[in-house]
Amino acid sequence: MNQTETALQAQRRADAPLHGPEAFAAMRRAGQLTAQALDLLAEHVRPGVTTEFLDNLVFDFAQSRGAYPAPLLYRGYPKAICTSINHVVCHGIPNDKPLREGDVVNIDVTLILDGWHGDSSRMFFVGEVPRRAQRLCDITYEALLRGIGAVRPGGSTNEIGAAIQSFAESERCSVVRDFCGHGLGRVFHDAPTILHYVEPSYNVPLKPGMLFTVEPMINLGRPHVKVLSDGWTAVTRDRSLSAQFEHTVGVTETGVEIFTLSPKGYDKPPYDIVR
Ligand code: MF3
Ligand code: CO
Ligand code: CO
């Protein structure tokens with residue numbers, strides 16, 4: 001359709017798109033490839049390895065499978081993946097600095113396969129990590145699962161936010177407000193917006209066929225972030241540790257399907273590497 005768009009059409013366009021069985025099948029394939037890339041990364045994260053090396057690994061993996069890393073050149077982003085270390089909240093840019101024993105790093109992979117986006121991130125331990133870092137990763141993973149557990153037809157986005165926020169805050173952690181989950185499919189960032197906290201002024205009813213990410217960022221300290229001068233790297237203002245896990249999910253007739261589950265069971269660190 002072209003020419004004049006009525007207000008009603010504009011409203012519908014702004015709504016979260018509903019997808020059918022073929023889209024779900026394509027999202028399963030894109031999601032599984034993304035999860036395989038994260039499984040591969042688990043075998044390479046160790047002290048001395050650079051995030052640039054990990055970036056190349058995912059680029060080559062994608063290319064060999066006929067996929068493309070969505071972040072690369074997305075709004076000028078320079079790399080294939082995001083690597084966010086310690087107090088970096090998200091969108092850390094891979095570089096030639098070696099990872100150090102005790103670091104915790106979020107690696108966020110988005111692969112486009114046959115036009116569909118699989119978007120997932122996990123935390124990784126670099127050697128032995130401090131107890132408080134392990135605790136934060138455990139809490140953040142549990143927050144992700146609780147958020148996904150709230151996804152159901154007839155539910156709403158604020159039920160996801162409530163599940164995440166109430167759990168994280170009961171553990172004396174804070175939920176980042178400045179970044180959110182998002183609808184996706186053929187588009188990387190689409191409606192609906194998935195907030196990881198309760199916002200009464202924004203609440204979208206969940207319907208079968210919706211596709212989106214749940215990707216809570218949880219801090220040990222205060223929730224506030226700032227973006228560094230590279231225009232991407234977001235860090236905690238108080239330099240407290242931050243963690244994040246992300247899955248791509250779909251709302252089904254009866255509940256939720258997770259597209260990005262690890263084939264190897266590498267759900268949460270430390271990963272018991274199968275070589
Ligand atoms: N994968 C991130 C997300 O979860 C987005 C990264 S976009 C980039 O939405 F440009 F920063 F890479
Ligand atoms: Co995402
Ligand atoms: Co992501």
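Counting convention: from 1, in listed order, for ligands and their atoms alike. Heavy-atom basis, side chains included; hydrogens, waters and symmetry copies ignored. The shown structure was predicted, so the numbers you read here are calculated from the model rather than taken from an experiment.
Looking at Glu43 and Lys264, a side-chain N of the basic residue comes within less than 4.0 Å of a carboxylate O on the acidic one, giving a salt bridge. Look at Glu257 and Arg28 and you find a salt bridge, because one of the NZ, NE, NH1 or NH2 atoms lies within 4.0 Å of a carboxylate O, short of that distance. Lys97 and Glu52 are not joined by a salt bridge, as no carboxylate oxygen comes within less than 4.0 angstrom of a charged side-chain nitrogen. Here Glu171 pairs with Arg135 in a salt bridge; the nearest charged N to carboxylate O distance falls below 4.0 Å.
Note on His182: counted as a metal contact of the Co ion (ligand 2), an N/O/S atom lying under 2.8 Å.
Side chains of His182 and Glu215: a donor on one and an acceptor on the other come within 3.5 Å. Between the side chains of Asn203 and Thr157, at least one donor N or O lies within less than 3.5 Å of an accepting N or O.
Against a heavy-atom cut-off of under 4.0 Å, Glu246 is close to the following atoms of ligand 1: 4 (O). Every atom of ligand 1 is numbered from 1 in the order shown, and the set under 4.0 Å from a heavy atom of Phe188 is 1 (N), 5 (C). Distances below 4.0 Å separate heavy atoms of Thr110 from the following atoms of ligand 1: 1 (N). The Glu215 neighbourhood of ligand 1 comprises atoms 3 (C), 4 (O), 9 (O), with distances under 4.0 Å to a heavy atom of that residue. With ligand atoms numbered from 1 in the order given, ligand 1 contributes 12 (F) to contacts under 4.0 Å with heavy atoms of Pro71. Remark: ligand 1 atoms within the under-4.0 Å shell around heavy atoms of His182 are 3 (C), 4 (O), 9 (O).
With respect to the Co ion (ligand 2), Asp119 has OD2 as its nearest N, O or S atom. Nearest N/O/S atom of Glu215 relative to the Co ion (ligand 2): this is OE2. Looking only at N/O/S atoms, Glu246 comes nearest to the Co ion (ligand 2) through OE2.
Any N or O atom pair closer than 3.5 Å counts here, and Trp232 shares no such pair with ligand 1.
Ring pair Phe24/Phe259: centre-to-centre distance below 6.0 Å. Checked against a 6.0 Å centroid threshold, the rings of Phe179 and His196 do not count as neighbours.
Remark: minimum distance from atom 3 (C) of ligand 1 to any protein heavy atom is reached at Asp119 OD2, 3.4 Å. The protein heavy-atom contact nearest to atom 2 (C) of ligand 1 is Asp108 OD2, 3.4 Å. Looking only at heavy atoms of the protein, atom 7 (S) of ligand 1 is closest to Tyr74 CD2, 3.9 Å.
Geometrically, Arg122 does not engage Tyr266 in a cation-pi contact defined by less than 6.0 Å to the ring centre and at most 45° from the axis.
Between Phe188 and His117, the angle of the ring planes stays under 30°, which puts this pair in the parallel group of the 30/60° scheme. Taking the six-membered ring where tryptophan is involved, the planes of Trp116 and His19 are perpendicular, since the angle between them exceeds 60° and thus also 30°.
The proximity of Cys82 to ligand 1, defined as any non-hydrogen pair under 4.0 Å, is limited to the side chain.
Within the structure, the closest approach of His189 to ligand 1 falls below 4.0 Å when heavy atoms are considered. In this structure, Thr213 has no heavy atom closer than 4.0 Å to ligand 1. Using a non-hydrogen distance threshold of 4.0 Å, Phe179 does not register as a contact of ligand 1. Taking a 4.0 Å cut-off on heavy atoms, Arg75 fails to register as neighbouring ligand 1.
No option in Thr34, Thr213, Thr260, Asp119 other than Thr260 meets the side-chain hydrogen bond (donor to acceptor under 3.5 Å, both in side chains) test with His247.
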